S.K.: 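Let me begin by handing over the structure; questions about it come next.
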Amino acid sequence: MGTLNGKVAIVTGGTSGIGERIVEIFVEEGAEVVVAARRQEEGDALEKRLGVRFIRTDVSSEADVKAMVDAAVQWFGRVDCLINNAGIPAPITGVAEIEAATIDQILGVNVRGLMLATKHAARVMLSWGTGSIINIGSIAAHRGGLSGHIYTASKGAVLAFTRSTAAELGATGIRVNSISPGAIVTGIFGKLAGVEASKADRLTDLVKERFSTLQPIPRAGLTDDIARAAVYLASDGSSFVNGQDIIVDGGMTTVTRGWSTMVAGRTEMSNRIKAAAASL
């Protein structure tokens, strides 16, 4: 407790899943937190429950991103940490079925949004000569056959952008690192199955069961696992860590699986989620 006392953090996509758990843990560790996301109702609820500040933000809009950073400075006077967590998944389709509109949508949030948030947060951090930027990547960026092609490409770009900006900003006292989650239990997999968002968040037990068998450590990955890694990268304890990607996957990337195995597993899980959602 208290690892992040006195620090001001912005968490994008902070109203559900990994982002929400990062917000909760950062508050526990003493940080002042600005939550930036599109879901107003959930953001308002977080404000009441945790005492954070919420600003409705579409990270693919530069105006929204600038307003997000400006609000954080207005409320707290500075920005010490940016967690670029906002992201959206892509359908698991063969490369011959990829839609141009889907490419634009995924890259608009997962890559453009992250770049814009980094741009505006860095401008503030440069005036202080310190800061930590944490980008949420994916093990899909390390291995083929773990997710859809567009999503995989977007997360590969995240890791490349992390290294590139770390090379520039590290000299100014601003560290840039990333975290690559493995199979983490969140509602995003229900949404991929076509289940409405509020229901998807209530069907995570099915995901947990499926994900408990995918890596050498025999349990599913939890949002807490990623949040604890983020605390480390945001804290002074990681002051000599820059340009690195921390893989938090229970050892999944040590195991080789093919595209067809992944597609079959995702399809089976999606079917089970849809069946369960029908009874809610």
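All residue numbers in this chain count up from 1 along the given sequence. What you see is a predicted model, and the numbers here were worked out from it, not measured in a lab.
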S.K.: Which heavy atom of Gly137 sits nearest to which heavy atom of Pro181, and what is that distance?
M.R.: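 Shortest heavy-atom separation between Gly137 and Pro181 comes out as O-CD, 3.3 Å.
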S.K.: Any chance you could measure Ser164, atom OG, to Leu169, atom CG, to the nearest 0.5 Å?
M.R.: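 Going from the OG atom of Ser164 to the CG atom of Leu169 covers 9.0 Å.
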S.K.: Kindly check if the number of other-residue, nucleotide or ligand heavy atoms within 6.0 Å of CD (Glu168) is above 12?
M.R.: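 Check fails, neighbour count at 12 or below.
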S.K.: From Arg175 CZ over to Thr130 OG1, what is the distance, rounded to the nearest 0.5 angstrom?
M.R.: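 OG1 of Thr130 is found 7.5 Å from CZ of Arg175.
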S.K.: Is Ile98 close to Val95 at the side-chain level, that is, under 4.5 Å between some pair of heavy atoms?
M.R.: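 Of all side-chain heavy-atom pairs linking Ile98 with Val95, at least one is under 4.5 Å.
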S.K.: What closest approach, in Å, do Val111 and Ala157 show between heavy atoms, and which atom pair accounts for it?
M.R.: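 Between these two residues, the closest heavy atoms are CG2-CB, 3.9 Å.
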S.K.: Among the clusters formed by ILVMFWY side chains lying less than 4.5 Å apart, do Trp75 and Met68 turn up in the same one?
M.R.: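 Shared cluster, yes.
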S.K.: Is it true that a side-chain atom of Asn271 and a backbone atom of Glu268 form a donor plus acceptor pair closer than 3.5 Å?
M.R.: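 Pair absent, no side-chain N/O of Asn271 close to backbone of Glu268.
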S.K.: Apply the test side-chain contact (heavy atoms from CB on, under 4.5 Å) to residues Phe54 and Thr15: give CA-CA distance (whole Å), side-chain angles for both, the deciding distance (0.1 Å), then the verdict.
M.R.: CA-CA 9 Å; Phe54 173 75; Thr15 54; 3.9 Å; yes
S.K.: Give a yes or no on whether the backbone of Ile103 and the side-chain of Gln105 come within a donor-acceptor separation of less than 3.5 Å.
M.R.: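 No; judged by distance alone, with no hydrogens or angles, the pair does not exist.
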S.K.: Any side-chain heavy atom of Ile18 sitting closer than 4.5 Å to one from Arg21?
M.R.: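 No, side chains not in contact.
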S.K.: Is any NZ, NE, NH1 or NH2 atom of the basic residue among Asp224 and Arg228 found under 4.0 Å from an Asp or Glu carboxylate oxygen of the other?
M.R.: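 Salt bridge: yes.
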S.K.: Are more than 12 heavy atoms from other residues, nucleotides or ligands located less than 6.0 Å from atom CG of Leu126?
M.R.: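 It does: Leu126 CG has more than 12 such atoms within range.
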S.K.: Could you tell me whether a side-chain N or O of Gln215 sits under 3.5 Å from a main-chain N or O of Phe211, the two making a donor and an acceptor?
M.R.: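 Indeed, once roles are kept as given, a pair shorter than 3.5 Å links the two residues.
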S.K.: Check for a donor-acceptor pair, side chain of Glu29 on one end and backbone N or O of Gly2 on the other, with a separation under 3.5 Å.
M.R.: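 Yes.
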S.K.: Does Glu24 reach the side chain of Thr223, with side-chain heavy atoms less than 4.5 Å apart?
M.R.: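 Glu24 vs Thr223: side chains apart.
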S.K.: Under a 3.5 Å distance rule, please check whether Asn135 uses its side chain to pair with a backbone N or O of Asn84 as donor and acceptor.
M.R.: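 Judged by distance alone, no pair lies under 3.5 Å.
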S.K.: Which distance, rounded to the nearest 0.5 Å, do you find between the CD1 of Ile133 and the CG of Leu82?
M.R.: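 The CG atom of Leu82 is 5.5 Å from CD1 of Ile133, to the nearest 0.5 Å.
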S.K.: Heavy atoms, side chains only, cut-off 4.5 Å: are Ile150 and Thr102 in contact?
M.R.: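 Heavy-atom side-chain distance check passes, below 4.5 Å.
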S.K.: Any Lys/Arg nitrogen of Arg143 or Asp249 sitting under 4.0 Å from an Asp/Glu carboxylate oxygen of the other?
M.R.: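 Answer for the salt bridge query: no.
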S.K.: Examine the side chains of Asp64 and Thr57 and answer whether a donor and an acceptor come within less than 3.5 Å of each other.
M.R.: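 There is no such pair (donor and acceptor under 3.5 Å, judged by atom type) between the side chains of Asp64 and Thr57.
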S.K.: So do Glu62 and His120 actually touch side chain to side chain, heavy atoms under 4.5 Å?
M.R.: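 SC-SC contact between His120 and Glu62 confirmed.
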S.K.: Using 0.5 Å steps for rounding, measure from the OG1 atom of Thr162 to the CD atom of Gln244.
M.R.: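 Here the rounded value is 10.5 Å.
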S.K.: Could you tell me the separation between the OG1 atom of Thr165 and the CE atom of Met115, rounded to the nearest 0.5 Å?
M.R.: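 So the gap between those two atoms works out to 9.0 Å.
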S.K.: Which value, rounded to the nearest 0.5 Å, describes the distance between Leu107 atom CG and Ser154 atom OG?
M.R.: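 With rounding to 0.5 Å, CG (Leu107) is 6.5 Å from OG (Ser154).
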S.K.: Checking Ser238 side chain against Val241 main chain: does a donor-acceptor pair fall under 3.5 Å?
M.R.: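 Checking the backbone N and O of Val241 against the side chain of Ser238, no donor-acceptor pair under 3.5 Å is found.
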S.K.: Any side-chain to backbone donor/acceptor pair from Asn177 onto Asp245? Under 3.5 Å, distance only.
M.R.: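 A pair under 3.5 Å: no.
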S.K.: Give a yes or no answer on whether the side chain of Asp80 reaches the backbone of Ala9 with a donor-acceptor pair at less than 3.5 Å.
M.R.: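 No.
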S.K.: Any chance CZ of Arg38 has more than 12 other-residue heavy atoms, nucleotides or ligands included, within less than 6.0 Å?
M.R.: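 It does not: Arg38 CZ has 12 such atoms or fewer within range.
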S.K.: Any chance you could lay out the side-chain contact (heavy atoms from CB on, under 4.5 Å) test for Leu146 and Met252, step after step, and finish with the verdict?
M.R.: CA-CA 10 Å; Leu146 291 176; Met252 184 185 289; 4.2 Å; yes
S.K.: Can we say Arg39 and Glu20 salt-bridge, meaning some charged N sits less than 4.0 Å from an Asp/Glu carboxylate O?
M.R.: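 Salt bridge between Arg39 and Glu20, a charged N being under 4.0 Å from a carboxylate O: no.
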S.K.: Indicate yes or no for a side-chain donor-acceptor contact from Ser60 to the backbone of Gly108 under 3.5 Å, with no hydrogens or angles considered.
M.R.: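 Side chain of Ser60 to backbone of Gly108, a donor-acceptor pair under 3.5 Å: no, none is there.
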S.K.: Is Gln40 atom CD crowded by more than 12 heavy atoms from other residues, nucleotides or ligands, each under 6.0 Å away?
M.R.: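 It does: Gln40 CD has more than 12 such atoms within range.
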S.K.: Using a 3.5 Å distance criterion without hydrogens, assess whether the side chain of Thr12 forms a donor-acceptor pair with backbone atoms of Asn85.
M.R.: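 Yes: the side chain of Thr12 pairs with the backbone of Asn85.
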